[in-house]
Number of protein chains: 2
Amino acid sequence: MTEIELYINSYFGIVDANDLKIIGSLFKLTTIKKNDFLLKNGKCCDKLSFVQSGLLRMFIATDKKEVTQWISTKGYFSTDLASFVFDTPSRLSIQALVDSEVYSISKEDYKRIGVLVTKWHELEKLFIVRCFIMLEERIFSHLSMTADERYKLFFDNNKELFNQVPLQYIASMLGMTPETFSRIRKKQVL
Amino acid sequence: MTEIELYINSYFGIVDANDLKIIGSLFKLTTIKKNDFLLKNGKCCDKLSFVQSGLLRMFIATDKKEVTQWISTKGYFSTDLASFVFDTPSRLSIQALVDSEVYSISKEDYKRIGVLVTKWHELEKLFIVRCFIMLEERIFSHLSMTADERYKLFFDNNKELFNQVPLQYIASMLGMTPETFSRIRKKQVL
DNA sequence: ATTTCCTCTTGACAAAAATCAAGAAATCAC
DNA sequence: GTGATTTCTTGATTTTTGTCAAGAGGAAAT
């Protein structure tokens, strides 16, 4: 199995080898240099990507600051879903934090999957349900935890990220300032 | 068209009248008395419901407090999606804040929709994508706004809710204490 | 009506987090 | 390697939010 077939298989649970081949063949591997953009806000997002290697930062620029919504690591998908699905201008920008490789599918090819693979919509639905549940979890963390607790929770589950990306982005993604983030880290060490 | 058919049509965009009838017939209208539970945490959530009238509070009980995740008003769906889709014990409890009516579908009948209506999975996928986008928006509000700003945003979009439910639940849902909520309200009036 | 319960408000205070400013440390470009 | 830039840390201070406690107001029950 190719790498992309493995992803599709693990995320969408497709068992049929033939379907897997079809879908996999529609994704194209491309590289993005550090600091380059996979998507700039304002443009319509015309592709869906999976991170094969590297790191992508998804952020929204406000008048005051940039808000990092998520950092996609190997295996995560990366797109402005609203823009991709409903053809609206994207609010998200997506930028590579290091040289990265992504498997991307164009909107046209994406639409073709549904035609070619009967079970696709059902499997994709389950995939999005899982994403939905992750977001619910994240909202819960903001409703019920302090910055300190959110830090610990995220750190425990994503240790490897902390020496790969500027910490200010993780801080933003967890809803705190870099200063607060730094002070929390200091406490953890002692 | 019956009320439930109207919902299905507006949320899932089904055009075929026959499909609509089929799906609509699988939902059963039931009533829930004020303070009664549609779902108690720990049980497996075996149905998916749409609010026809009334108000449902979805909350998670922690050791310290109850965290209100969302209040479902007319037209919203209400379920513990993780529990419903993956047959796990639910973390959410769902309780009626006033006498309410819901259209519910059992898990078995829900599964049958996919068989009976070819386009169902695709339409449902789009529905969940819209839910996903709403949650992304909500997370953004926690990453970039103060309690004050979150209050204003929510108030502007949900004025009618404020004289129907205990305000403490709205406070919780917005991630602040009842006291902070009360003080923000006081400032708004002046 | 009055008692009880629940919700909301208010004040005083404590804790958490943001802001501002400066400097250290690390990284990047040449 | 050296200088320039970016990122991180730290301190001082302010703002925001939470906590605790008391009381007011309303709704529901008896």
Side-chain angles (χ1 to χ4, degrees), chain A residues 33-36 54-55 57 59 61-68 71 95-100 139-155 159 161-190, chain B residues 33-36 55 57 59 61-68 71 95-99 139-155 159 161-190:
Chain A
K33 283 224 160 23
K34 177 171 178 175
N35 293 329
D36 280 357
L55 297 162
R57 177 175 73 109
F59 66 94
T62 69
D63 43 339
K64 289 179 186 172
K65 55 185 173 182
E66 283 180 357
V67 177
T68 297
I71 295 169
Q95 187 179 28
L97 291 176
V98 299
D99 291 352
S100 305
I139 286 173
F140 179 71
S141 80
H142 283 280
L143 300 186
S144 65
M145 297 179 187
T146 63
D148 207 282
E149 292 166 326
R150 289 199 303 280
Y151 173 89
K152 279 178 193 145
L153 180 63
F154 187 79
F155 180 76
K159 290 194 179 61
L161 205 58
F162 284 68
N163 43 30
Q164 295 185 66
V165 306
L167 299 176
Q168 54 180 317
Y169 298 144
I170 301 180
S172 173
M173 183 177 148
L174 294 177
M176 63 189 84
T177 61
E179 292 94 334
T180 295
F181 189 86
S182 176
R183 290 186 178 107
I184 289 172
R185 302 202 87 206
K186 195 181 178 183
K187 276 195 299 177
Q188 304 300 320
V189 178
L190 305 179
Chain B
K33 283 224 159 25
K34 178 171 176 174
N35 293 329
D36 280 357
L55 297 162
R57 178 174 73 110
F59 67 94
T62 69
D63 43 339
K64 288 179 188 173
K65 54 186 173 182
E66 283 181 357
V67 177
T68 298
I71 296 170
Q95 187 179 28
L97 292 176
V98 297
D99 290 352
I139 286 172
F140 179 73
S141 79
H142 283 281
L143 300 186
S144 64
M145 297 179 188
T146 62
D148 205 282
E149 293 166 326
R150 288 199 304 279
Y151 173 87
K152 280 177 192 144
L153 180 63
F154 188 79
F155 180 76
K159 290 193 179 62
L161 205 58
F162 285 66
N163 43 31
Q164 294 186 68
V165 306
L167 298 177
Q168 54 180 318
Y169 298 144
I170 301 180
S172 175
M173 183 176 148
L174 294 176
M176 64 188 83
T177 61
E179 293 93 335
T180 295
F181 189 86
S182 175
R183 290 184 178 109
I184 289 172
R185 302 201 87 205
K186 195 179 177 185
K187 275 196 299 177
Q188 304 299 322
V189 179
L190 306 179

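Order of the sequence lines fixes the chain letters, A, B, ..., with proteins taken first and strands second; residue numbering starts at 1 for each chain.
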S.K.: Considering all heavy atoms of both residues, which atom of A/Val98 and which atom of A/Leu55 are nearest to each other, and what is their separation?
M.R.: CG2-N, 3.6 Å
S.K.: So, does B/Thr180 get its side chain near the phosphate of D/dT17, meaning an N or O under 4.0 Å from OP1 or OP2?
M.R.: no
S.K.: Under a 3.5 Å distance rule, please check whether A/Asp99 uses its side chain to pair with a backbone N or O of A/Lys33 as donor and acceptor.
M.R.: no
S.K.: I'd like the 5' and 3' limits of the part of DNA chain C contacted by chain A, with heavy-atom contacts below 4.0 Å.
M.R.: C/dA17 to C/dC28
S.K.: Let me know the distance between CG of B/Asp148 and P of D/dG18, rounded to the nearest Å.
M.R.: 12 Å
S.K.: Please report the distance, rounded to the nearest Å, between CD in B/Glu149 and P in D/dT15.
M.R.: 16 Å
S.K.: Expressed in angstrom and rounded to an integer, what is the separation of A/Met176 atom CE from D/dT16 atom C1'?
M.R.: 16 Å
S.K.: Working to the nearest 0.5 Å, report the span between OG1 of B/Thr62 and CZ of A/Phe140.
M.R.: 6.0 Å
S.K.: Do B/Phe59 and B/Ile71 come within less than 4.5 Å of each other through their side chains, counting heavy atoms only?
M.R.: no
S.K.: Over its full length, what angle do the end axes of the helix from C/dA1-D/dT30 to C/dC30-D/dG1 make, each axis taken from five pairs and the result rounded to 10 degrees?
M.R.: 50°
S.K.: Out of D/dT9, D/dT7, D/dG11, which has the shortest distance to the side chain of A/Lys186?
M.R.: D/dG11
S.K.: Measure the OG-CD distance between A/Ser144 and A/Glu149 for me, rounded to the nearest 0.5 Å.
M.R.: 7.5 Å
S.K.: So, using side chain to side chain donor-acceptor pair (under 3.5 Å) as the criterion, who are the partners of A/Asp148 when residues are at least two apart?
M.R.: A/Lys152, A/Lys187
S.K.: Testing the basics here: between B/Lys65 and A/Leu143, what is the closest heavy-atom pair and its distance to 0.1 Å?
M.R.: NZ-O, 4.2 Å
S.K.: Which nucleotide in the list D/dT17, D/dG18, D/dT9 gets nearest to the side chain of B/Ala147?
M.R.: D/dT17
S.K.: Could you give the side-chain donor-acceptor pairs of residues 163-176 of chain B under 3.5 Å, partners two or more places apart or in another chain?
M.R.:
residue	atom	partner	partner atom	Å
B/Gln164	NE2	B/Glu160	O	2.8
B/Ser172	OG	B/Thr68	N	2.8

S.K.: Just wondering, do A/Gln95 and A/Asp36 contact through their side chains at under 4.5 Å, heavy atoms?
M.R.: no
S.K.: For this output row, return yes or no: ring centroids of B/Phe162 and B/Tyr151 closer than 6.0 angstrom.
M.R.: yes
S.K.: For B/Lys65 and D/dT17, give me the distance from atom NZ to atom P, rounded to whole Å.
M.R.: 14 Å
S.K.: Within this structure, what is the CG-to-C1' distance between B/Leu174 and D/dT17, rounded to whole angstrom?
M.R.: 14 Å
S.K.: Return the value, rounded to whole Å, for the distance between atom CD1 of B/Ile184 and atom P of D/dT16.
M.R.: 10 Å
S.K.: Given atom CE of B/Met145 and atom C1' of D/dT17, what is their separation to the nearest angstrom?
M.R.: 18 Å
S.K.: Given 3.5 Å as the limit, does a donor-acceptor pair link the side chain of A/Arg150 with the main chain of A/Met145, or not?
M.R.: yes
S.K.: On DNA chain C, compare the nucleotides closest to A/Thr177 and B/Leu167; which residue's is nearer the 5' end?
M.R.: B/Leu167
S.K.: Atom CD1 of A/Ile170 to atom P of D/dT7: distance rounded to whole Å?
M.R.: 13 Å
S.K.: Could I get the full list of side chain to side chain contact (heavy atoms under 4.5 Å, CB included) partners for B/Ser182, not counting sequence neighbours?
M.R.: none
S.K.: List every contact pair, protein side and nucleotides 20-30 of chain D side both N or O, where the distance is under 3.5 Å.
M.R.:
residue	atom	partner	partner atom	Å
D/dC20	N4	B/Glu179	OE2	3.2

